[in-house]
2 protein chains.
Amino acid sequence: MESRIDRIKKQLHGASYKLTPQREATVRVLLENEEDHLSAEDVYLLVKNKAPDIGLATVYRTLELLTELKVVDKINFGDGVSRYDLRQEGAAHFHHHLVCIECGAVDEIQEDLLEDVEAIVEKRWNFQIKDHRLTFHGICWRCHDNHDEKEESE
Amino acid sequence: MESRIDRIKKQLHGASYKLTPQREATVRVLLENEEDHLSAEDVYLLVKNKAPDIGLATVYRTLELLTELKVVDKINFGDGVSRYDLRQEGAAHFHHHLVCIECGAVDEIQEDLLEDVEAIVEKRWNFQIKDHRLTFHGICWRCHDNHDEKEESE
DNA sequence: TACTAGATTATAATTGTTATCGTTTGGTTA
DNA sequence: TAACCAAACGATAACAATTATAATCTAGTA
């Protein structure tokens with residue numbers, strides 16, 4: 001955990017930015033909630049606990065900065081809010097998401113799975129792929145199980 | 001063209017909605033610009049030509065309605081604007097997009113390409129897929145060609 | 001004709017995000 | 001330490017996209 005903060009600090013310094021207390025608090029929130037997909041507002045509320053004087057604009061600025069440095073990914077599931085996701089260190093490509101249309105849960109797929117598809121696209125459409133976004137919408141295993149239970153008790 | 005409008009009319013009636021003049025004008029704009037990925041604002045401006053008295057809110061409502069009925073797809077490339085895309089009739093799945101990070105062009109891929117990936121995901125993550133969104137970000141063939149020309153002339 | 005439900009318009013309000021501006025901070029040099 | 005400067009800050013205004021509200025209109029029906 002501390003080592004990751006250190007690495008992020010170095011990344012900032014490398015681009016001649018500083019790891020201010022506000023930025024550190026923001027990064028810590030992201031680290032502590034790595035599993036979730038927090039919106040800027042979510043991050044703001046959580047950072048408030050650590051640094052009550054922080055302003056919303058600073059959180060936005062920090063998230064923007066971290067996105068530029070590719071420390072976080074800014075994602076958009078179409079609900080009108082940007083969400084911010086700490087990158088897996090060393091991951092070349094964006095991971096994928098499973099969005100449940102019943103409960104709204106968002107799970108992640110770390111595997112790439114797209115090598116074959118990308119090869120086809122690069123060749124057939126003569127398109128040089130730099131990154132990709134893949135999201136599946138459907139019913140997650142939890143909601144699936146719930147349905148089963150319901151059916152059993154009926 | 002007319003037959004597609006008729007089918008959309010039937011879909012509306014089936015859900016007990018009417019094809020009002022405003023809705024028809026909106027659908028016509030979508031049909032006439034099927035290749036593009038229009039934003040609500042784009043649609044509004046185009047519809048204005050056909051029906052100058054239409055209001056922006058009506059366009060939003062109509063697009064929302066058409067989205068519900070799965071006549072159009074609402075997409076989001078992360079630039080803060082929703083875009084609306086007429087569905088291919090009978091297409092079970094969402095098509096994919098190639099977004100050029102140089103010129104911003106958006107091309108479409110109609111092929112599915114994801115059958116194998118979906119089979120893996122359904123099985124391994126026990127996730128019942130209903131739809132998917134796949135976007136590749138990279139350099140399109142046009143920008144690619146331009147680079148080549150530049151290099152040649154230098 | 002009067003009635004009713006749905007649709008429409010104009011406008012106000014809301015929401016997420018970004019820009020502005022005056023102030024503060026942290027590092028550097030004298 | 002003191003003086004300085006650029007970066008970063010917080011509060012707030014501005015902004016753009018979207019949605020809600022309220023009054024009005026329209027089509028169909030009794």
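So you know, we letter chains A, B, ... as the sequences are listed, proteins then strands, and number each from 1. In what follows, every heavy atom counts, from backbone to side chain, and hydrogens, waters and symmetry copies are set aside.
Regarding B:Glu24, its CD atom lies at a distance of 12 Å from the P atom of C:dT8, rounded to whole Å. Summarising the geometry, the separation between CD on B:Glu64 and C1' on D:dA20 is reported as 13 Å, rounded to the nearest angstrom. Separating the CG atom of B:Asp42 from the P atom of D:dA16 is a distance of 15 Å, rounded to the nearest angstrom. The distance from atom CG of B:Leu19 to atom P of C:dA7 is 11 Å, rounded to the nearest whole Å. The CG-C1' distance, from A:Leu56 to C:dT17, rounds to 8 Å in whole Å. To the nearest angstrom, P of C:dT24 lies 18 Å from CD1 of A:Ile54. Rounded to whole Å, atom P of C:dG26 lies 16 Å from atom CG of A:Leu12. Summarising the geometry, the separation between CD on B:Glu41 and P on D:dT19 is reported as 14 Å, rounded to the nearest angstrom.
Nearest nucleotide to the side chain of A:Lys74, out of D:dA8, C:dT18, D:dT18: C:dT18. The side chain of B:Lys18 sits closest to C:dG6 out of D:dT12, C:dT17, C:dG6. Taking every side-chain heavy atom of B:Tyr17 into account, C:dA7 is the closest of C:dA7, D:dA8, C:dG16. Of all nucleotides listed (C:dT17, D:dA7, D:dC9), D:dC9 comes nearest to the side chain of A:Thr20.
Taking each heavy atom of A:Arg4 and A:Glu34 in turn, the nearest pair found is NH1-OE2, 2.9 Å. Minimum heavy-atom separation, B:Thr26 to B:Val47: CA-CG2, 3.8 Å.
When each of B:Lys48 and B:Arg23 is assigned the nucleotide of DNA chain C with its nearest heavy atom, B:Arg23 is the one assigned upstream, toward the 5' end.
Aromatic ring orientation, B:His132 versus B:His96: tilted (interplanar angle from 30° to 60°).
B:Leu86 pairs with exactly one of B:Leu30, B:Asp73, B:Leu66, B:Val27 by the side-chain contact (heavy atoms from CB on, under 4.5 Å) rule, that one being B:Leu30.
Contact between the side-chain N/O atoms of A:Ser82 and the OP1/OP2 oxygens of C:dT17 is found at a separation under 4.0 Å. Within the structure, every side-chain polar atom (N or O) of A:Arg61 is placed at least 4.0 Å from both OP1 and OP2 of C:dT17. For the OP1/OP2 pair of D:dT19 and a distance below 4.0 Å, the side-chain nitrogens and oxygens of B:Tyr60 include no atom meeting the criterion.
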Inset, instruction - Evaluate the side-chain hydrogen bond (donor to acceptor under 3.5 Å, both in side chains) criterion for residues B:Glu24 and B:Gln22: first the C-alpha distance (whole Å), next the side-chain angles of each, then the deciding distance (0.1 Å), finally the verdict. - result: CA-CA 5 Å; B:Glu24 182 170 342; B:Gln22 292 89 342; over 6 Å; no
